[in-house]
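Below you'll find the structure, written out as structure tokens, and then a few comments.
When a ligand or atom number is given, it counts from 1 through the structure's own listing order.
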Amino acid sequence: MIRIGLGRDLHRLVQGRRFLLGGVEIAADRGELGHSDGDVLTHAVIDALLGAAGLGDIGEFFPPSQPAWKDADSLKLLEFTFAQVKQAGWNLVNLDCVVVCDKPKILPYREDIRASLGAVLETAPDAVFVKGKTNEGLGPLGDGSAVEALAVCLLEKNEDSPKTKDSPKKG
Ligand SMILES: [Zn+2]
């Protein structure tokens with residue numbers, strides 16, 4: 001069985017915060033505002049994984065109302081999320097992401113971001129991809145006051161897992 005998942009997130013960019021994408025710090029004069037460390041890409045990836053596995057969403061798993069998640073390392077949240085996904089019997093086939101902001105440019109950081117996410121998701125380097133897109137100067141994404149991330153993932157489950165063991169097999 002295979003399942004697809006979609007995640008999307010947006011954070012305001014403000015001075016005095018770090019700009020993190022997939023756990024990699026980007027050189028910028030602004031960073032993501034957020035209860036956690038604000039890593040917009042990692043949050044989108046978490047939602048894609050949870051959605052594909054049908055387990056919930058990031059707000060349920062890591063409520064902003066909980067002090068435990070204040071300034072939390074989003075890669076740790078991803079690690080916890082992926083453990084739940086694996087526990088439910090799923091393996092990650094691939095992950096593809098888009099980060100939308102006019103500045104800074106994502107390309108110089110792309111390979112570091114792929115490696116960072118790939119390490120947590122225990123996957124081959126080519127199974128994680130990240131693209132930067134500009135917003136053509138339009139709106140808050142175009143003027144540097146926000147950053148958006150989108151992520152899509154494919155999960156697969158071994159058909160021989162206990163839940164499907166008793167179902168009749170063809171042939
Ligand atoms: Zn977020």
>> Which heavy atom of A151 sits nearest to which heavy atom of L95, and what is that distance?
In response: CB-CD1, 4.2 Å
>> Test side chain to side chain contact (heavy atoms under 4.5 Å, CB included) on L41 and V147; report intermediate values, then the result.
In response: CA-CA 9 Å; L41 175 58; V147 56; over 6 Å; no
> Linking Ile, Leu, Val, Met, Phe, Trp and Tyr by side-chain heavy atoms under 4.5 Å, what else ends up with V93?
Replying inline: I2, I4, V152, L154
>> V24 vs S116, test: side chain to side chain contact (heavy atoms under 4.5 Å, CB included). Steps then yes/no.
In response: CA-CA 7 Å; V24 174; S116 174; 3.9 Å; yes
> What are the two closest non-hydrogen atoms of D71 and R17, and how far apart are they?
Replying inline: OD1-NH1, 3.7 Å
>> Show the nearest heavy-atom pair for residues L77 and A72, with the distance to one decimal.
In response: CD2-CB, 4.2 Å
> Which protein N, O or S atoms does the Zn ion (ligand 1) have within a distance shorter than 2.8 Å?
Replying inline: D9 OD2, H11 NE2, H43 ND1
